[in-house]
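Worksheet for the structure shown next.
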Amino acid sequence: MPELPEVETTVRGLAPFLEGQRLTAVTTFRPDLRRAFPADLAQRLTGATVTTLSRRAKYGVISTDRDDHMIFHLGMSGRWRTEGGAAGKHDHLLIEAAGHRLFLHDPRRFGSVDLVRGDPLTLFPAFVTLGPEPLSDDFDAGYLAKALAGRRAPIKAMLLDQTVVAGLGNIYVCEALNMARIAPTKAAADVSKAKLAVLVPAIKDVLAAAIAAGGSTLRDFLSPDGDLGYFAKDWRVYGREGEACQCGGTIVRIVQSGRSTFACPKCQR
DNA sequence: CGTGTGCCCTGACAGC
DNA sequence: TGCTGTCAGGGCACAC
């Protein structure tokens, strides 16, 4: 997936197709992503009118006038495609509205689709434990210092923890830590208040820039309009093992919690 | 409770 | 060309 900016871009891209529209048909093809789709998904959505599209963390929310909220997660490889035509391999769900056909496409099937009646912020289990949105005013250096107090896990792992801050993924954490010159391996509680005061705006900046760029992409991300790729990808460190950091150091790749971390050992301390 | 590990699934790519 | 190994934006179940 899609980290926060890609989901935000997806939601913004889907909105013109769906907001205010009646869902004329909802069809499931292979209704087993990470979890099985709700059995009554198609029945509850068909005929409903979409009121709003929104995002929480890396989840997109499609709300209807029946107070049903379809919550989708794109996992590692999910996307919505709007090219129309027939369902193809890895298309799991089809939503039709105002003559448009929207396919939820997810080859690796790490994504999910849930349906909640009533306020998802309090009723959807995954939402209840989420930390603040990183772009909100609730997410500041004071909050982060409190959240990280006493935590001995690496700062990188803490920033990927969705209960600490909601929506960051591997790429943007690597980027923000480089911008703030913090070693990803440093114990979270040992990152100084001064460093956190640099890190928080770095996180906001890298996310805002990616959203502004239309969501960054790797090879299998498509915009909701079906256009191939985006721009970005001009990461400072991500995917740049062996290349020069802006400080002149050499970027290295290490493995933390089984996932790649890219960092510059010269300036990140 | 906090922390670290491994796995879910499929496809792309590098190297032989 | 075809095989094998490695890697991929996430999240969760476990074990300690």
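Here the structure is a predicted model, which is why all the values come from computation and not from measurement. Here is the naming used below: chain letters follow the sequence lines, and residue numbers restart at 1 for every chain.
- Using atom P as the reference point in both B:dC7 and C:dG5, the two lie 16 Å apart (nearest Å).
- Distance alone, capped at 3.5 Å, places no donor-acceptor pair between the A:Arg181 side chain and the A:Asn178 backbone.
- For A:Ala149 against A:Ala189, the heavy-atom pair with the smallest separation is C-CB, 4.4 Å.
- The phosphate of B:dG11 has OP1 or OP2 within less than 4.0 Å of a side-chain N or O from A:Lys89.
- With rounding to whole Å, A:Met76 atom CE is found 15 Å from B:dC7 atom P.
- Put simply, the side chain of A:Glu243 does not reach to within 4.5 Å of the side chain of A:Val237, judged on heavy atoms.
- A:Arg109 places its CZ atom 16 Å from the C1' atom of C:dG11, with the value rounded to the nearest Å.
- Of the residues in residues 122-131 of chain A, none lies under 4.0 Å from DNA chain B by heavy-atom distance.
- Rounded to an integer number of Å, the gap from CG of A:Leu33 to C1' of B:dC9 is 11 Å.
- In this structure, CG of A:Leu168 is placed 13 Å from C1' of C:dG10, rounded to the nearest angstrom.
- Nucleotide B:dT10 holds its C1' atom 10 Å from the CZ atom of A:Arg30, rounded to whole Å.
- Within 6.0 Å of CG on A:Asp137 lie no more than 12 heavy atoms contributed by other residues, nucleotides or ligands.
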So which protein N/O to nucleotides 1-5 of chain B N/O distances come out below 3.5 Å?
{"residue": "B:dT3", "atom": "OP1", "partner": "A:Arg152", "partner atom": "N", "Å": "2.6"}
{"residue": "B:dT3", "atom": "OP1", "partner": "A:Ala153", "partner atom": "N", "Å": "3.3"}
{"residue": "B:dT3", "atom": "OP2", "partner": "A:Arg151", "partner atom": "NE", "Å": "2.5"}
{"residue": "B:dT3", "atom": "OP2", "partner": "A:Arg151", "partner atom": "NH2", "Å": "2.7"}

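- Nearest heavy-atom pair, A:Gln256 versus A:Pro184, reported as atom, atom and distance to 0.1 Å: NE2-O, 3.3 Å.
- Side-chain contact between A:Phe127 and A:Val116 is absent, with no heavy-atom pair separated by less than 4.5 Å.
- Nearest nucleotide to the side chain of A:Pro107, out of C:dC12, B:dC9, B:dG11: B:dG11.
- Residue A:His90 places at least one side-chain N or O closer than 4.0 Å to OP1 or OP2 of B:dG11.
- Between the side chain of A:Thr64 and the backbone N or O of A:Arg66 there is at least one donor-acceptor pair closer than 3.5 Å.
- Counting only Watson-Crick and G-U wobble pairs whose two distances sit under 3.5 Å, DNA chain B takes part in these stems of three or more pairs: B:2-8 with C:10-16, B:10-16 with C:2-8.
- With C:dA8, B:dC8, B:dG11 as the candidates, the nucleotide lying closest to the side chain of A:Phe110 is B:dC8.
- Look at CZ on A:Arg79: it is 17 Å from P on B:dT10, rounded to the nearest Å.
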Salt bridge (charged side-chain N to carboxylate O under 4.0 Å, His left out) assessment of A:Arg55 paired with A:Glu133: CA-CA 10 Å; A:Arg55 178 194 59 73; A:Glu133 284 288 322; 2.9 Å; yes

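- Rounded to whole Å, the C1' atom of C:dC12 lies 23 Å from the corresponding atom of B:dG11.
- Taking every side-chain heavy atom of A:Lys58 into account, C:dG11 is the closest of B:dG11, C:dA8, C:dG11.
- Residue A:Ser260 is in sugar-phosphate contact alone, with no base atom involved, counting any heavy-atom pair closer than 4.0 Å across all strands shown.
- To the nearest angstrom, P of B:dT10 lies 18 Å from CG of A:Leu74.
- In terms of modelled atom types and a separation under 3.5 Å, the side chain of A:Lys156 and the main chain of A:Thr185 share no donor-acceptor contact.
- Residue A:Asp106 contributes atom CG, which lies 12 Å from atom C1' of B:dC8 at whole-angstrom precision.
- Shown are A:Thr49, A:Thr51, A:Ile95; of these, the side chain to side chain contact (heavy atoms under 4.5 Å, CB included) with A:Leu18 is made only by A:Ile95.
- The side chain of A:Tyr238 has C:dA8 as its nearest neighbour among C:dA8, C:dG10, B:dC9.
- Ring-centre distance between A:Phe72 and A:Trp80: below the 6.0 Å cut-off.
- Distance alone, capped at 3.5 Å, places no donor-acceptor pair between the A:Ser112 side chain and the A:Arg35 backbone.
- In this structure the side chain of A:Phe124 reaches within 4.5 angstrom of the side chain of A:Tyr59, judged on heavy atoms.
- B:dC9 and C:dC3 have their P atoms separated by 23 Å, given to the nearest Å.
- Under 4.0 angstrom from either OP1 or OP2 of B:dC8 there lies no side-chain N or O belonging to A:Arg108.
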